[in-house]
J.: 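Right, I'll just put the structure down here and ask away after.
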Amino acid sequence: MANCAIVWFRINLRLDDNESLVAAVKAAPVVPVYVFDDRQFKGTTHAFGFSKVGVHRAQFIIEAIRDLRERLRAKGSDLVVRRGLPEEVLLELARETQSGWIYCNRERTPEEVRVQDKLEAGLWSIGQELRYNRGKLLYHTADLPFPVSHTPDTFTQFRKEVERIVPIREPIDAPESLGVLPKGLDPGEIPTLADLGYPERPVESRAAIFHLGGETAALARLKHYLWDTDAAKQYKVTRNGLLGSDYSTKFSAWLAQGCLSPKRIMREVQRYEAERGANESTYWIYFELLWRDYFRLMAKKYNAQIFKHAGPKALMVGKAKIVADAPNSHYPTFERWAEGTTGVPFVDANMRELNATGFMSNRGRQNVASFLVNDLKLNWLMGAEYMESLLIDYDVASNYGNWNYVAKVGADPREDRYFNILSQAGRYDPDGEFVRHWLPELANVPKDRIHRPDLLTSEEQREYGVRLGVDYPNAMVDMTEWEPGRGGRTSSTPSRPAARNKRRGSRGGRSREIPTY
């Protein structure tokens with residue numbers, strides 16, 4: 001009989017609704033383990049060499065592991081923490097504890113698959129087994145009306161085949177008791193940022209929200225957004241906001257690390273609707289969770305193709321597309337985009353928020369991505385890898401799915417993903433408050449010029465205390481191209497329209513835009 005069952009916490013850093021944990025408890029005494037993978041915390045992105053995990057996300061993960069350890073200790077157990085390569089560290093722990101099984105979430109993208117395959121092979125060599133569970137999705141793949149390989153390529157079709165038909169399973173409560181670790185097993189120390197080779201994370205007072213890692217903070221945020229503030233009632237109206245903590249749910253960072261279960265969110269939304277009323281906004285929270293499932297299923301369906309310049313679309317239109325769309329990876333141009341020095345205030349303000357905090361609104365992400373792809377004509381993979389590095393809420397499927405979508409290389413057939421930056425800025429930052437918040441050099445520029453500093457005369461520059469080309473850069477692009485009637489592209493991708501029917505039971509409406517965070 002096995003001495004214990006190891007639970008490998010990967011991207012499921014919670015006790016609530018954790019299928020691996022519950023399954024392991026039923027099999028044997030549990031040894032919870034987290035491994036700080038050197039390939040993640042010391043590695044670089046595949047093509048362009050950005051730090052694979054930026055300082056904001058690294059700090060968030062450290063906080064999540066501290067919280068996970070405290071929650072496990074409250075259940076009578078502890079968290080074993082190690083550094084190294086998971087397939088090696090876990091194999092050694094399996095030998096040391098004489099476990100029978102290692103339980104974990106199954107991942108489907110190539111890097112994660114290679115790790116779990118190596119671990120599985122190692123365990124077989126010593127007569128032990130790797131057992132997989134799921135917990136990242138709102139829906140279980142076994143409940144879907146199609147196999148993953150036949151997931152509809154368009155979100156609208158996916159939604160139609162799922163939302164009215166497939167039940168959402170109940171979230172699983174955390175086990176009441178987990179027991180103690182095997183005698184003599186050292187739990188280990190949780191590394192600091194300095195231990196992992198990072199500088200101290202700067203505190204940014206201008207951040208829209210302070211993201212504290214861990215399940216405790218995640219559940220507190222869920223309670224705050226639904227029950228304490230009633231912000232959920234206005235979500236659909238406010239979700240494109242740029243300043244403040246409650247214009248959108250901000251669940252994404254906790255979802256990305258598995259500190260919060262999508263099924264738990266949905267059950268709380270349903271309870272909220274039963275007690276305080278349902279409307280389009282409460283439905284839209286579900287709608288965004290559905291987008292998250294869609295991107296994850298697309299990543300499973302198309303696998304490594306989502307990371308290639310030609311994207312999933314290449315499998316549909318042929319290799320000629322790959323040759324025709326040779327990537328432009330001009331670093332000096334990219335660096336100005338990344339640093340927020342393009343001379344286009346709405347783009348720059350969003351990029352500086354990302355650099356300073358690790359977060360950017362969904363509206364900002366769509367605009368900066370469109371600008372990089374459509375206006376600067378740069379390789380979309382540069383932007384995708386940069387966000388992979390910096391985003392505190394980085395999720396592999398959502399990040400690359402969104403970039404596939406904007407770059408027009410996803411499976412979805414719609415062609416136009418162009419955002420008129422000037423139109424978008426006027427619509428979502430009409431008074432320039434967001435731009436001034438992140439670009440203090442433009443603090444005195446009035447609202448009729450805040451998004452068009454290129455129009456400032458020499459006298460106005462002196463009056464407003466900004467010198468173009470000195471205090472704030474000249475624009476990289478001709479901004480007159482965004483003006484109506486100038487012959488340039490003036491259309492912008494529309495906001496996702498309202499559902500046609502306001503009643504909770506009638507979920508109509510188009511669904512063209514990428515999800516809100």
J.: Under a 4.0 Å N-O cut-off, is there an ion pair linking E433 with R436?
T.: no
J.: Could you walk me through whether I190 and L79 pass the side-chain contact (heavy atoms from CB on, under 4.5 Å) check?
T.: CA-CA 10 Å; I190 298 173; L79 181 67; 5.6 Å; no
J.: What's the verdict on side-chain contact (heavy atoms from CB on, under 4.5 Å) for I306 and M298, showing C-alpha distance, side-chain angles and the deciding distance?
T.: CA-CA 8 Å; I306 68 171; M298 285 292 100; 5.6 Å; no
J.: Measuring from N18:CG to D173:CG, what's the distance to the nearest 0.5 Å?
T.: 12.5 Å
J.: Using salt bridge (charged side-chain N to carboxylate O under 4.0 Å, His left out) as the criterion, list what pairs up with E170, not counting sequence neighbours.
T.: R267
J.: May I ask you to decide if Q424's main-chain N or O and N367's side chain share a donor-acceptor pair within less than 3.5 Å?
T.: no
J.: Is the distance between the ring centroids of W291 and Y294 under 6.0 Å?
T.: yes
J.: Passes salt bridge (charged side-chain N to carboxylate O under 4.0 Å, His left out), E19 versus R169? Steps please.
T.: CA-CA 12 Å; E19 294 183 17; R169 296 190 187 186; 5.5 Å; no
J.: Would you say the side-chain atoms of R363 and N240 include a donor-acceptor pair closer than 3.5 Å?
T.: yes
J.: Ignoring hydrogens and geometry, is there a side-chain-to-backbone donor-acceptor pair from R82 to L90 under 3.5 Å?
T.: no
J.: Which residue pairs pass the salt bridge (Lys or Arg N to Asp or Glu O under 4.0 Å) test with at least one member in residues 333-352, sequence neighbours excluded?
T.: R352-E441
J.: Can you check whether Y386 and F334 have ring centres sitting under 6.0 Å from each other?
T.: yes
J.: Partners of Y272 by ring pair (Phe, Tyr, Trp, His ring centres under 6.0 Å), sequence neighbours excluded?
T.: W227
J.: Mind checking what makes ring pair (Phe, Tyr, Trp, His ring centres under 6.0 Å) contact with Y302, not counting sequence neighbours?
T.: none
J.: Minimum heavy-atom separation for L354 and M360, please, with both atom names.
T.: CB-CE, 3.7 Å
J.: Could you tell me which residues satisfy salt bridge (charged side-chain N to carboxylate O under 4.0 Å, His left out) with K300, sequence neighbours excluded, listed by chain and number?
T.: none
J.: Run the salt-bridge test on D17 and R264 with the 4.0 Å N-O cut-off and return the result as yes or no.
T.: no
J.: If you measure from CG on L260 to CG on L13, what distance do you get to the nearest 0.5 Å?
T.: 12.0 Å
J.: Check for me whether the distance between the ring centres of F371 and F419 falls short of 6.0 Å.
T.: no
J.: Output all residues satisfying ring pair (Phe, Tyr, Trp, His ring centres under 6.0 Å) with H211, sequence neighbours left out; order by chain, then residue number.
T.: W254, F359
J.: Test: salt bridge (Lys or Arg N to Asp or Glu O under 4.0 Å). Region: residues 178-205. Which pairs qualify, not counting sequence neighbours?
T.: E204-R206
J.: Has the side chain of W337 got a donor or acceptor atom that lies under 3.5 Å from a matching backbone atom of M351?
T.: no
J.: Which pair of heavy atoms, one from P175 and one from L21, lies closest together, and at what distance?
T.: CD-CD2, 3.8 Å
J.: Which atom pair, heavy atoms only, marks the closest approach of I209 to S245?
T.: CB-CB, 4.2 Å
J.: If we check ring-ring contact (aromatic ring centres under 6.0 Å, His included) with F36, which of these qualifies: F9, Y198, F41?
T.: F41
J.: What pairs with Y472 under ring pair (Phe, Tyr, Trp, His ring centres under 6.0 Å), at least two apart in sequence or on another chain?
T.: none
J.: Using the test side-chain hydrogen bond (donor to acceptor under 3.5 Å, both in side chains), find all partners of R83 that sit at least two apart in sequence or belong to another chain.
T.: none
J.: What residues form a side-chain contact (heavy atoms from CB on, under 4.5 Å) with T229, not counting sequence neighbours?
T.: H224, A231, D246
J.: Can you list every pair that meets salt bridge (Lys or Arg N to Asp or Glu O under 4.0 Å) and has a residue in residues 114-123, with sequence neighbours left out?
T.: none
J.: Side-chain donor-acceptor pair under 3.5 Å between H46 and E388, yes or no?
T.: no
J.: Checking N12 side chain against R10 main chain: does a donor-acceptor pair fall under 3.5 Å?
T.: yes
J.: Has R71 got a side-chain atom pairing as donor or acceptor with R14's backbone, closer than 3.5 angstrom?
T.: no
J.: Not counting sequence neighbours, list each pair that qualifies as a salt bridge (Lys or Arg N to Asp or Glu O under 4.0 Å) and has a residue in residues 84-108.
T.: R39-E87, E92-R95, E107-K136, E107-R296
J.: Salt bridge between E63 and R66, side-chain N to carboxylate O under 4.0 Å?
T.: no
J.: Using a 3.5 Å distance criterion without hydrogens, assess whether the side chain of R69 forms a donor-acceptor pair with backbone atoms of P187.
T.: yes
J.: Which heavy atom in A349 sits nearest to a heavy atom in V435, and how many Å separate them?
T.: CB-CA, 4.0 Å
J.: Can you tell me how far apart CG (L123) and CD1 (I102) are? Round to the nearest 0.5 Å.
T.: 4.5 Å
